[in-house]
Number of protein chains: 2
Amino acid sequence: MAGPPTPLGPGVGPGGGPGAGPPARERADAARNRSRALAAAEELFAEQGVAATTMDAVAARAGVGKGTLYRRFGDKAGLAAALLSERGRELQQGILAGPPPLGPGAPPARRLVAFVEAYLAFQSSRVDLVLLSETGPPGARLRKPSYAFWRQHCTLLLSQAGAPDPALRAEALLASLAAEQVQHWLREGRDPEALRGALTGVAAALVPSRDP
Amino acid sequence: MAGPPTPLGPGVGPGGGPGAGPPARERADAARNRSRALAAAEELFAEQGVAATTMDAVAARAGVGKGTLYRRFGDKAGLAAALLSERGRELQQGILAGPPPLGPGAPPARRLVAFVEAYLAFQSSRVDLVLLSETGPPGARLRKPSYAFWRQHCTLLLSQAGAPDPALRAEALLASLAAEQVQHWLREGRDPEALRGALTGVAAALVPSRDP
DNA sequence: GAAGTTAGCGGACCGCAGTCCGCTTCGTCA
DNA sequence: TGACGAAGCGGACTGCGGTCCGCTAACTTC
């Protein structure tokens with residue numbers, strides 16, 4: 001199996017401050033426009049909801065051309081992903097180097113359960129943003145670098161735990177955790193706690209139980 | 001637990017609008033236009049692929065206004081669903097009244113595996129059509145009557161097999177079988193046979209493997 | 001500081017999904 | 001058979017996501 005998964009993709013820089021520096025040299029106006037766009041998007045999403053916010057509106061509010069928006073973020077989903085990148089990075093950090101059971105050190109089955117819980121919490125914090133970031137041409141979300149990270153992590157854990165077909169089971173698990181599905185469950189009134197319990201149960205069921 | 005699941009909606013029949021109309025009498029021109037539209041769609045999908053076919057093109061080929069198309073089928077996904085409805089109904093029939101292990105008579109865990117195999121076969125027969133039928137506003141596919149049927153069937157089997165959280169596990173299983181996911185696996189070169197084996201394995205893992 | 005290079009800008013433009021509404025034609029009933 | 005109500009029609013229209021390309025201004029070089 002491969003080494004440590006790759007981090008979140010590039011192009012998603014500082015949310016509102018000089019926290020993380022852009023990887024490559026970036027022109028001054030480019031940096032300025034990027035933070036303007038992110039700020040405008042955040043505002044509009046808060047004011048009128050994610051679904052009702054158009055890219056034209058974001059561009060106008062940011063005082064920027066639409067072309068700029070698209071060169072920077074690719075598409076609407078990319079814009080959402082950029083807004084989520086900080087939280088996503090935190091979660092990735094917790095997985096790679098944080099304390100057990102999410103981070104290294106705990107037995108793989110335990111880590112998998114912890115991942116499910118953390119991933120659910122991550123999603124619940126900005127449901128509609130996550131949903132938007134996963135919306136797009138069919139299959140697009142399965143090709144994004146962030147998805148590759150989660151997949152590889154789960155694959156590794158399932159493999160270590162001795163589950164058959166770890167790669168496929170990892171994707172099956174992630175399919176159950178897709179934003180569309182989770183939002184559907186929440187909308188129809190499922191108790192978040194019960195949901196958490198049931199989904200960790202699914203994760204546990206995917207590794208063979210060794211009990212006599 | 002509920003009785004037998006409801007069958008597919010009225011085949012996306014007359015009424016078109018949300019809520020599905022009563023199976024009322026259908027006007028002659030309406031019937032003629034519907035079959036024309038379906039024929040035109042089938043042709044164009046075959047000629048230039050599903051993705052490249054626009055609703056305008058279907059309307060033009062059918063010699064019908066776009067409004068007619070939309071009243072009849074609701075949206076593009078509905079058109080695809082209508083083209084699939086016959087096969088879907090066959091599968092539903094096989095579940096409700098066909099021979100075991102898909103139909104009644106076999107133990108629930110066995111029926112669940114048979115369902116996964118049959119559902120995969122159903123999808124594989126028209127991958128892109130199924131994909132189109134599941135494309136749309138987020139969560140839309142989870143609210144369609146056909147989805148309700150599969151969900152209820154799986155829920156019932158899992159419940160009979162004594163699995164915990166049968167309703168949620170049913171949806172988790174179906175999420176792994178979503179067209180987007182399956183098409184992704186096939187596109188990336190997975191062997192269909194191996195896929196079938198691995199996914200039935202997932203289904204089996206979702207029911208308790210040993211008697212408590 | 002001046003000239004050159006090019007990354008980046010931005011808004012006009014396009015294609016398509018989906019809506020609207022005045023007109024047509026079907027089925028019915030006398 | 002003629003007339004009437006309404007189910008159904010259809011194409012112009014809207015709104016939005018995404019692209020294109022001539023222009024601007026930020027860095028580089030001398």
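Below, each value reflects all heavy atoms present in this structure, side chains not excepted, and no hydrogens, waters or symmetry copies. If you're wondering where the values come from, they're calculated on a predicted model, not measured in any experiment.
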Ion pair B:Glu90/B:Arg87, N-O distance below 4.0 Å
no
In whole Å, I'd like the distance from the CG atom of B:Leu69 to the P atom of C:dC16.
15 Å
Sugar-phosphate means primed atoms, P, OP1 and OP2; the rest is base. With that split, encode nucleotides 14-27 of chain D 5' to 3' as B, S or - using protein heavy atoms under 4.0 Å.
--SBBBB-----SS
Run the side chain to side chain contact (heavy atoms under 4.5 Å, CB included) test against B:Gln181 and tell me which residues pass, sequence neighbours left out.
A:Leu142, A:Tyr147, A:Glu171, A:Ala175, B:His184, B:Trp185
Could you tell me whether the phosphate oxygens of C:dC9, OP1 or OP2, come under 4.0 Å of any side-chain nitrogen or oxygen in A:Arg72?
yes
If you compare every side-chain N and O of B:Asn33 against the phosphate oxygens of D:dG8 (OP1, OP2), does one of them come in below 4.0 Å?
no
Say you draw a straight line from OG1 of A:Thr155 to CD of A:Gln160; how long is it, rounded to the nearest 0.5 Å?
11.0 Å
Please check if atom CZ in B:Arg32 has more than 12 non-hydrogen atoms from other residues, nucleotides or ligands closer than 6.0 Å.
yes
Identify the two heavy atoms, one from A:Ile95 and one from A:Trp150, that lie closest to each other, and give their separation to 0.1 Å.
CD1-CZ3, 3.8 Å
